Amino acid sequence: MERAPDWLSLCTDGIDLAAQDAAALETHLLKSSNDIEARAKLLGFYFTNQDDDAQRRRADHVHWLIAHRPEIHLAAFARIHPELYPDAYNEGKRLWLSTVSNSANDLAVLRNAASFLESGDPDIAEDLYKRGATIEPDESVWRQRLGGLHFRSCIGSTSSEERKRIAREALAEYEVALTLERCSLEALGILMDIAEAAVVCENYERATEAAERLLADAEGHVNTFQYGNAVHLAHIVLGKIALACGEPARAAAHLRAASEVRGSPQLKTFGPDLELASRLLAIGRRDAVTFYIDGCKKFWESGASLLEKWTLAIGRGETPDFSKR
């Protein structure tokens with residue numbers, strides 16, 4: 001049997017496409033519209049380009065894929081921001097709801113539709129994930145996705161207590177997902193989710209357990225995409241815990257360790273976690289933060305100019321806003 005392409009890897013590969021190669025793929029698709037590999041690469045190419053024309057082209061590919069290949073999982077590459085591009089998002093929503101109505105029990109369609117709708121219509125996304133969990137009660141993915149839906153909603157909350165409450169709900173879903181997961185590599189991803197949620201709800205004991213287990217279990221997956229993610233996040237989480245416990249030197253040591261990972265497709269695409277760096281910079285740990293930023297250059301190539309800008313600003317005694325990317 002022919003092996004299915006790794007669509008997410010093709011998207012990631014597309015990030016490094018030269019502009020002329022992307023243009024050639026667009027021309028190619030005019031004659032061969034069913035070339036999904038070309039579309040996946042173009043999704044990656046346009047993903048980090050915030051130019052309106054690039055995002056319009058990306059939305060066109062997302063819409064085509066929803067209409068013709070809704071079963072293909074493309075994660076964030078196939079999402080459209082509902083506030084920045086409302087018309088494109090609404091068209092995607094229309095296509096997904098139509099597809100779901102015609103494929104009510106197609107699990108791949110349910111998952112991908114819910115993933116697209118999470119940011120703009122979280123209630124619909126939650127219903128779709130719950131529908132999947134009802135059909136497949138023994139599969140971890142649905143509980144993990146429900147946890148992720150809760151966790152992302154807590155990040156935007158301005159109330160500390162509300163944020164912790166929602167994070168506890170997310171953590172409960174992640175814990176169930178972990179008990180259901182039979183694949184050690186997938187379990188690694190769920191452990192990452194548990195560690196992050198536990199920190200937000202200030203369950204530092206569980207966060208420490210999860211982070212330390214991540215460091216141990218990651219050694220069994222050195223040659224996978226998840227290795228760099230797991231080690232990076234584990235040190236970021238342990239650093240946040242150290243800072244919360246009044247140990248800035250230990251927090252700085254973990255930040256340095258986080259920068260020494262070799263990277264991953266996710267770190268390459270989305271860049272590093274800068275929350276711990278921001279907190280340490282605010283209390284004067286400039287050397288550790290500069291070390292971290294310098295280390296991130298080896299895996300976040302698309303952010304190289306921004307990293308350099310931050311390094312220079314810190315060197316001048318300034319405090320850059322890491323949230324502005």
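From a predicted model like this one, the values you see are computed outputs, not experimental measurements.
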**OP:** Following the transitive rule for hydrophobic clusters with a side-chain heavy-atom cut-off under 4.5 Å over Ile, Leu, Val, Met, Phe, Trp and Tyr, establish whether Phe45 and Ile36 coincide in one cluster.
**Re:** no
Subject >> Basic-acidic side-chain contact under 4.0 Å: Asp16, Lys268 >> reply: yes
**OP:** Could you tell me whether a side-chain N or O of Arg58 sits under 3.5 Å from a main-chain N or O of Arg79, the two making a donor and an acceptor?
**Re:** yes
List, one per line, each side-chain donor-acceptor pair under 3.5 Å for residues 227-238, sequence neighbours excluded.
{"residue": "Tyr227", "atom": "OH", "partner": "Glu219", "partner atom": "OE2", "Å": "3.2"}
{"residue": "Asn229", "atom": "OD1", "partner": "Ser264", "partner atom": "OG", "Å": "2.4"}
{"residue": "Asn229", "atom": "ND2", "partner": "Phe225", "partner atom": "O", "Å": "3.4"}
{"residue": "Asn229", "atom": "ND2", "partner": "Gln226", "partner atom": "OE1", "Å": "2.8"}
{"residue": "Asn229", "atom": "ND2", "partner": "Gln266", "partner atom": "OE1", "Å": "2.7"}
{"residue": "His232", "atom": "NE2", "partner": "Tyr292", "partner atom": "OH", "Å": "2.9"}
{"residue": "His235", "atom": "ND1", "partner": "His254", "partner atom": "ND1", "Å": "3.0"}

Subject >> Criterion side-chain contact (heavy atoms from CB on, under 4.5 Å) on Val62 and Phe77, from CA distance to verdict >> reply: CA-CA 8 Å; Val62 170; Phe77 291 105; over 6 Å; no
Subject >> Flag side-chain contact, heavy atom, 4.5 Å: Glu91 against Leu95 >> reply: yes
**OP:** Dump the intermediate steps for salt bridge (charged side-chain N to carboxylate O under 4.0 Å, His left out) on Arg143 and Glu175, then the final yes or no.
**Re:** CA-CA 9 Å; Arg143 305 304 291 268; Glu175 296 285 15; over 6 Å; no
**OP:** Might you point out which heavy atoms bring Ala258 and Val261 nearest each other, and give the distance in Å?
**Re:** O-CG2, 3.5 Å
**OP:** Would you please say whether a donor-acceptor pair under 3.5 Å links the side chains of Ser119 and His81?
**Re:** no
Would you give me the side-chain donor-acceptor pairs under 3.5 Å for residues 102-111, sequence neighbours excluded?
{"residue": "Asn102", "atom": "ND2", "partner": "Ser98", "partner atom": "O", "Å": "3.1"}
{"residue": "Ser103", "atom": "OG", "partner": "Thr99", "partner atom": "O", "Å": "3.4"}
{"residue": "Asp106", "atom": "OD1", "partner": "Ala108", "partner atom": "N", "Å": "3.1"}
{"residue": "Asp106", "atom": "OD1", "partner": "Val109", "partner atom": "N", "Å": "3.1"}

**OP:** Evaluate whether atom CG of Asp287 has more than 12 neighbouring non-hydrogen atoms of other residues, nucleotides or ligands under 6.0 angstrom away.
**Re:** no
Original post:
Any side-chain heavy-atom pair from Ile283 and Leu280 closer than 4.5 angstrom?
Top reply: yes
**OP:** Using atom types as modelled and distance alone, determine if a side-chain donor or acceptor of Arg286 lies under 3.5 Å from a backbone N or O of Leu281.
**Re:** no
Original post:
Under 3.5 Å, side chain of Glu260 to main-chain N/O of Gly295, donor-acceptor pair present?
Top reply: no
Subject >> Sequence neighbours excluded - salt bridge (charged side-chain N to carboxylate O under 4.0 Å, His left out) pairs with any residue from residues 177-195 >> reply: Glu139-Arg182
Subject >> Minimum side-chain heavy-atom gap Ser140-Leu178 below 4.5 Å >> reply: no
Original post:
Would you say Asp21's side chain and Leu17's backbone share a donor-acceptor pair under 3.5 angstrom?
Top reply: no
**OP:** Output yes when a side-chain donor or acceptor of Asn112 lies under 3.5 Å from a complementary backbone atom of Ile72, and no otherwise.
**Re:** yes
**OP:** Go through the steps for Val289 and Phe322 under the test side-chain contact (heavy atoms from CB on, under 4.5 Å), then give the verdict.
**Re:** CA-CA 11 Å; Val289 175; Phe322 295 140; 4.0 Å; yes
Original post:
Hey, are Glu118 and Arg145 close enough for a salt bridge, meaning a charged N less than 4.0 Å from a carboxylate O?
Top reply: no
**OP:** Taking all heavy atoms of Leu25 and all of Ala38, pick out the closest pair and write down the distance.
**Re:** CD2-CB, 4.0 Å
**OP:** Would you indicate whether the side-chain heavy atoms of Leu8 and Pro265 approach each other to under 4.5 Å?
**Re:** no
**OP:** Compare every heavy atom of Ala125 with every heavy atom of Ala114, then report the nearest pair and how far apart it is.
**Re:** O-CB, 3.5 Å
Subject >> CA sep, side-chain torsions, deciding dist, call: Glu37, Trp7, side-chain contact (heavy atoms from CB on, under 4.5 Å) >> reply: CA-CA 7 Å; Glu37 293 189 18; Trp7 302 114; 3.9 Å; yes
Original post:
Going hydrophobic residue to hydrophobic residue with side-chain gaps under 4.5 angstrom, can you get from Phe291 over to Leu306?
Top reply: no
Original post:
Is Asp294 salt-bridged to Lys297, cutoff N-O under 4.0 Å?
Top reply: yes
Original post:
Under a 4.5 Å cut-off applied to non-hydrogen side-chain atoms, are Trp300 and Leu307 in contact?
Top reply: yes
**OP:** Specify the closest pair of heavy atoms between Arg262 and Phe299, including all atoms of both residues, with the distance to one decimal.
**Re:** O-CB, 4.0 Å
Original post:
Among all residues two or more places apart in sequence or in another chain, which pass the ring pair (Phe, Tyr, Trp, His ring centres under 6.0 Å) test with Tyr129?
Top reply: none
Subject >> same_hphob_cluster(Leu146, Ile135) at 4.5 Å side-chain heavy-atom cutoff >> reply: yes
**OP:** Just jot down the side chain to side chain contact (heavy atoms under 4.5 Å, CB included) partners of Glu162, sequence neighbours excluded, or say none.
**Re:** Ser157, Ser159, Arg165, Ile166
Original post:
Between Arg94 and Asn90, is any pair of side-chain heavy atoms under 4.5 Å apart?
Top reply: no
Original post:
Would a distance-only check, ignoring hydrogens and angles, find a side-chain to backbone donor-acceptor pair under 3.5 Å from His28 to Ala24?
Top reply: no
Subject >> Presence of salt bridge, Glu209 and Arg213, under 4.0 angstrom >> reply: no
Original post:
Could Arg56 and Asp53 be called an ion pair, given the rule that one side-chain N must be under 4.0 Å from one carboxylate O?
Top reply: yes
**OP:** Mind listing the closest non-hydrogen atom pair of Asp321 and Trp310 along with its distance?
**Re:** O-NE1, 4.2 Å
Original post:
Between Phe270 and Phe47, how do the two ring planes meet: parallel, tilted or perpendicular, split at 30° and 60°?
Top reply: perpendicular
Original post:
Can a salt bridge be assigned to the pair Lys93 and Asp121 using a cut-off of 4.0 Å between side-chain N and carboxylate O?
Top reply: yes
Original post:
Sub-3.5 Å donor-acceptor pair from the side chain of Gln55 to the main-chain atoms of Asn49, do we have one?
Top reply: yes
**OP:** State, yes or no, whether a side-chain contact exists between Val200 and Cys154 at a heavy-atom distance under 4.5 Å.
**Re:** yes
**OP:** Using the side-chain contact (heavy atoms from CB on, under 4.5 Å) rule, take Ile124 and Trp96 through it: C-alpha gap first, then chi angles, then the decisive distance, then the call.
**Re:** CA-CA 11 Å; Ile124 299 176; Trp96 270 125; over 6 Å; no
**OP:** Please indicate whether Lys240 has more than 12 foreign heavy atoms, meaning atoms of other residues, nucleotides or ligands, lying under 6.0 Å from its NZ.
**Re:** yes
**OP:** Verify the neighbour count for atom CD of Glu83: are there more than 12 heavy atoms of other residues, nucleotides or ligands below 6.0 Å?
**Re:** no
**OP:** Indicate yes or no for a side-chain donor-acceptor contact from Ser153 to the backbone of His150 under 3.5 Å, with no hydrogens or angles considered.
**Re:** yes
Subject >> Atom of Ala252, atom of Arg285 and distance for their closest heavy-atom approach >> reply: CB-CD, 4.4 Å
Original post:
Are Arg39 and Asp35 close enough for a salt bridge, meaning some N to O gap below 4.0 Å?
Top reply: no
Original post:
Any chain of hydrophobic side-chain contacts (each under 4.5 Å) joining Leu42 to Ile66?
Top reply: no
Original post:
With a 4.5 Å limit on heavy-atom distance, are the side chains of Leu65 and Pro70 in contact?
Top reply: no
**OP:** Sequence neighbours left out, what passes side chain to side chain donor-acceptor pair (under 3.5 Å) with Arg163? Give chain and number order.
**Re:** none
**OP:** Check the hydrophobic clustering (I, L, V, M, F, W, Y; side-chain heavy atoms under 4.5 Å; chains of links allowed) and say if Leu117 and Leu43 are grouped together.
**Re:** yes
Original post:
Within the distance-only criterion (no hydrogens, no angle test), does the side chain of His68 pair as donor or acceptor with the backbone N or O of His63 below 3.5 angstrom?
Top reply: no
Original post:
So, does Thr27 use its side chain to make a donor-acceptor pair with the main chain of Ala23 at under 3.5 Å?
Top reply: yes
